[in-house]
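Accompanying notes for the structure given below.
Lettering of chains follows the sequences in order, A, B, ..., and the numbering in each one begins at 1.
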2 protein chains.
Amino acid sequence: MSNSTTPIKNTKTLGTVTIEMVAQRAGVSLSTVSRILNGTAVVSESKKQAVDKAIAELDFVPNPMARSLAGGRSQSVGVITRAIDSPFYGAALRGIEETLDPAGYSALFVSGHFDVNIEKRCFELLRGRRVDGIILLTGQLPDANLKTYAKALPLVVTGRTLKAKGLVSLDFDNFEGGRLATEHLLSLGHQKIAVVTGEAGHKDSTERLRGHCAALEAAGLPFDPRLVVAGDYLELGGVRAVEELLARKIPFTSLFALNDQMAAGAALALHRLGKHIPSDMSLVGFDDLPQSVYAAPPLTTVRQPAYQLGELAAQCMIRLLKGETPSVKAPRPTLIVRESTKAT
Amino acid sequence: MSNSTTPIKNTKTLGTVTIEMVAQRAGVSLSTVSRILNGTAVVSESKKQAVDKAIAELDFVPNPMARSLAGGRSQSVGVITRAIDSPFYGAALRGIEETLDPAGYSALFVSGHFDVNIEKRCFELLRGRRVDGIILLTGQLPDANLKTYAKALPLVVTGRTLKAKGLVSLDFDNFEGGRLATEHLLSLGHQKIAVVTGEAGHKDSTERLRGHCAALEAAGLPFDPRLVVAGDYLELGGVRAVEELLARKIPFTSLFALNDQMAAGAALALHRLGKHIPSDMSLVGFDDLPQSVYAAPPLTTVRQPAYQLGELAAQCMIRLLKGETPSVKAPRPTLIVRESTKAT
DNA sequence: CTGAAAGCGCTTACAG
DNA sequence: CTGAAAGCGCTTACAG
């Protein structure tokens with residue numbers, strides 16, 4: 001044998017091109033290749049070109065695991081959402097993915113199920129995965145926990161206002177959204193406006209309701225608590241709400257569902273009862289889900305720009321990761337008038 | 001100074017508990033801890049207990065990066081989907097997440113946008129991230145490419161039938177689904193059935209249409225091509241199809257939309273024209289999207305169990321990763337009769 | 001501007 | 001059953 005002392009490379013490594021091979025081919029040191037890869041130091045143009053050429057020829061792709069282990073960063077950010085298939089947050093996830101990707105970060109999506117304990121487990125899981133930062137989309141975790149987590153790694157949270165180092169919060173003005181919806185109904189001459197709320201204790205819902213009341217008050221109209229029924233943010237809640245409201249026998253000409261899913265349920269219940277929207281009843285939702293444009297009739301609603309929210313959250317994260325202190329203003333609610341509302 | 005030669009640990013490492021610290025505390029070697037962690041060898045019970053205790057006391061969590069680098073596995077699997085917020089695949093993603101997680105794998109979701117080039121880029125990205133396997137949900141990539149990829153790492157693909165080593169395919173019987181829908185309409189006495197298809201060249205769509213024709217033929221009824229219009233699998237296609245069909249002035253009493261999104265669009269168009277579903281027109285969809293139960297009226301459709309599909313795909317992947325050769329039968333289509341169809 | 005070397009935190013033959 | 005040691009593929013002080 002010509003060379004019995006040649007060390008036998010681990011078989012796993014076969015076919016894998018490493019930074020060392022690039023260095024050898026380019027005739028420079030391993031460190032130089034690394035520096036060029038990371039733009040971490042000024043390197044002479046000639047070497048840079050040689051390295052770039054070698055990288056291209058070998059079709060070299062850095063191993064992120066090695067990179068993470070050595071550099072202490074994983075180039076990934078954890079995203080805790082209610083559920084990976086949430087109808088509302090879907091667009092937000094896409095917004096996050098599409099802004100993280102060009103920045104060289106991967107998103108790790110996990111479902112928190114809007115449950116404090118599961119969310120805690122998600123944080124542990126993600127920290128175990130060594131993500132560089134975490135985005136929490138409207139979770140249930142108390143502020144105190146969040147502040148603690150923010151000490152360990154960059155955090156951006158939506159759906160609340162919270163100040164702390166290493167943490168940026170992106171709130172949404174649900175109050176204003178609620179106000180907008182009711183103002184619209186009032187402008188159409190509706191005086192008796194029923195409301196289906198979200199889950200009890202859900203801040204978004206109580207804020208939207210406050211906005212509703214504020215609009216009423218501004219118009220000099222009384223708020224009648226018998227016209228509000230507790231929902232669940234799901235379609236079924238909308239169905240039940242209509243039944244309940246009708247059973248109460250208190251007249252109303254319009255219904256404000258505090259989210260689109262409940263509006264869809266309400267539309268179905270009304271449809272079954274032979275009530276025509278908007279001739280017999282005006283209906284307003286909240287969120288502007290993708291499918292709401294194609295509801296029959298298309299739903300008038302308050303738009304919460306989910307995609308943009310995700311985009312913003314990701315941008316904040318990227319800046320936090322750079323050591324900057326981003327200050328952003330969250331997107332504003334806007335009223336989208338379609339065909340489910342009509343003047344009395 | 002008492003000990004000027006103590007090596008200074010990398011600052012990154014502060015606060016991180018390593019396998020070495022566990023070993024020291026438990027009074028065993030590093031290798032033993034690793035073996036216990038991985039169940040990779042039989043270890044005496046006493047040592048195992050000591051190690052477990054140390055792990056608990058130190059709150060040790062293995063570093064997945066180091067693990068991957070040393071072990072050659074990343075404990076993650078890439079999932080290429082049309083879009084992270086696809087209404088149909090949402091449930092499939094959840095199914096994948098929920099079965100991968102207990103098996104110790106993380107899912108890396110990326111959007112392929114049903115585009116050959118983007119899907120290729122996704123494969124590169126995921127391989128760059130060193131995923132252990134890839135699940136492709138109904139992509140556009142040709143079979144040949146898939147077979148090539150399967151040589152490099154385990155692959156499970158849905159929406160086609162393909163045999164190759166290291167690859168398992170999970171097809172769905174779209175033909176049967178199409179047959180079921182039309183058979184239902186026929187059983188209600190409908191003879192004139194219009195059809196809105198999906199994007200041209202989309203295999204799912206052509207299969208569903210074939211099923212439709214087969215049902216017609218079995219009933220001894222002619223297939224009238226003037227009753228089919230080309231759609232796009234989006235709501236807008238459903239809207240346009242209704243307009244187009246009506247413009248053709250060929251009578252029909254029912255409409256089979258080859259997916260639920262188009263059915264929603266068709267329902268809207270019919271609603272605007274004052275046509276009542278199902279009194280004036282019966283409507284059948286395909287997929288059974290979550291929101292279809294709450295359409296007004298609730299949509300009769302062919303159910304494609306997305307969650308279960310994701311679950312199965314993930315199970316196959318886990319078995320492939322174990323070196324097994326899973327053989328599975330894909331879930332069957334089922335007809336879900338709701339309120340959008342009615343006897344003539 | 002550039003190398004040699006240590007180190008990131010694990011896994012896994014190898015040799016008892 | 002168990003250790004010592006090499007190695008996974010990088011990054012980053014350290015020293016020119």
Worksheet item: So what does L30(A) touch, heavy atoms closer than 4.0 Å: a base, only the sugar-phosphate, or nothing?
Response: base
Fill in: Short side-chain N/O contact from S44(B) to OP1 or OP2 of dT2(D), under 4.0 Å
yes
Practice prompt. Using the side chain to side chain contact (heavy atoms under 4.5 Å, CB included) rule, pick out the option among L141(A), V110(A), I118(A) that qualifies with I80(A).
Written response: V110(A)
Worksheet item: Between L37(A) (CG) and dC10(D) (C1'), how many Å, whole number?
Response: 10 Å
Practice prompt. Pick base, sugar-phosphate or nothing for P62(B), based on heavy-atom distances below 4.0 Å to the nucleic acid.
Written response: sugar-phosphate
Item to complete: Find which nucleotide of DNA chain C each of A66(B) and R35(B) is nearest to by heavy atoms, and output the residue with the more 5' nucleotide.
Response: A66(B)
Worksheet, complete the sentence: Between G27(B) and V33(A), the residue closer to the 5' end of DNA chain D by nearest nucleotide is G27(B)
Worksheet item: dG16(D) and dT12(D): how far apart are their C1' atoms, nearest whole angstrom?
Response: 16 Å
Worksheet item: Of the candidate nucleotides dG3(C), dT11(D), dA13(C), which contains the atom at the shortest distance from the side chain of V28(A)?
Response: dG3(C)
Practice prompt. Rounded off to whole Å, could you give me the CG-to-C1' distance for the L58(B) and dG9(C) pair?
Written response: 15 Å
Discussion item. Should the side chain of R130(B) and the base of dG9(D) be counted as holding a donor-acceptor pair, with the cut-off at 3.5 Å?
Written reply: no
Worksheet item: Of all the choices, dG3(C), dA4(D), dG9(C), which nucleotide is nearest to the side chain of T16(B) once you look at every atom?
Response: dG9(C)
Worksheet item: Do S31(A) side-chain and dA4(C) base share a donor-acceptor contact under 3.5 Å?
Response: yes
Discussion item. Please confirm whether the shortest side-chain N or O distance from R67(A) to OP1 or OP2 of dT12(D) is below 4.0 Å.
Written reply: no
Worksheet entry | Gap between atoms CE and P, on M21(A) and dG9(D) respectively (whole Å) | 10 Å
Discussion item. Rounded to whole Å, how long is the line connecting atom CZ of R73(B) with atom P of dG7(D)?
Written reply: 19 Å
Worksheet item: Under 4.0 Å between a side-chain N/O of K47(B) and OP1 or OP2 of dG3(D), yes or no?
Response: yes
Worksheet item: Which of the following nucleotides, dT12(D), dG3(D), dT11(C), is nearest to the side chain of S34(A)?
Response: dT12(D)
Discussion item. Between Q140(A) and E119(A) (side chain of the first, backbone of the second, donor and acceptor by atom type, cut-off under 3.5 Å), is there such a pair?
Written reply: no
Discussion item. Quick test of your reading: applying salt bridge (charged side-chain N to carboxylate O under 4.0 Å, His left out), list the pairs with at least one residue in residues 62-90 of chain B, sequence neighbours left out, ordered by first then second residue.
Written reply: R94(A)-D85(B), R82(B)-E199(B)
Worksheet item: Going by atom types alone, do S106(B) and R129(A) pair a side-chain donor with an acceptor below 3.5 Å?
Response: yes
Worksheet item: Which nucleotide in the set dG3(C), dG7(D), dT11(D) lies at the smallest distance from any side-chain heavy atom of A70(B)?
Response: dG7(D)
Worksheet item: Can you check the Q75(B) CD to dT11(C) P distance for me, whole Å?
Response: 10 Å
Worksheet item: To the side chain of N63(B), which of dG9(C), dT12(C), dG3(C) is closest?
Response: dG9(C)
Fill in: Integer-rounded Å distance: dG9(D) C1' and N38(A) CG
13 Å
Worksheet item: Got a second to check how far T16(B)'s OG1 is from R130(A)'s CZ, nearest 0.5 Å?
Response: 6.5 Å
Discussion item. Let's see if you can work this out: which of dC10(C), dT2(D), dG9(C) has an atom nearest to the side-chain heavy atoms of L69(A)?
Written reply: dG9(C)
Discussion item. Checking contacts here: which listed nucleotide (dT12(D), dT2(D), dC8(D)) is nearest the side-chain heavy atoms of T32(B)?
Written reply: dT2(D)
Practice prompt. Examine distances only and state if a side-chain atom of S111(A) and a backbone atom of H113(A) form a donor-acceptor pair shorter than 3.5 Å.
Written response: no
Fill in: Electrostatic pair K48(A)-D52(A), nearest N-O below 4.0 angstrom
yes
Item to complete: Measure the distance from CD on E20(B) to C1' on dA5(D) and round it to the nearest whole Å.
Response: 13 Å
Worksheet entry | Between C1' of dT2(D) and NZ of K48(B), the distance in whole Å | 16 Å
Practice prompt. Map every base of DNA chain C to its dot-bracket character, where paired means a Watson-Crick or G-U wobble contact with both distances under 3.5 Å and | marks a partner outside the strand.
Written response: |||.||||||||.|||
Worksheet, complete the sentence: Only one of L30(A), I36(A), L37(A) passes side chain to side chain contact (heavy atoms under 4.5 Å, CB included) with V33(A), and that residue is L37(A)
Worksheet item: Would a distance-only check, ignoring hydrogens and angles, find a side-chain to backbone donor-acceptor pair under 3.5 Å from D132(B) to V77(B)?
Response: no
Practice prompt. Among the candidates dC10(D), dA4(D), dC10(C), find the nucleotide nearest to the side-chain atoms of S29(B).
Written response: dA4(D)
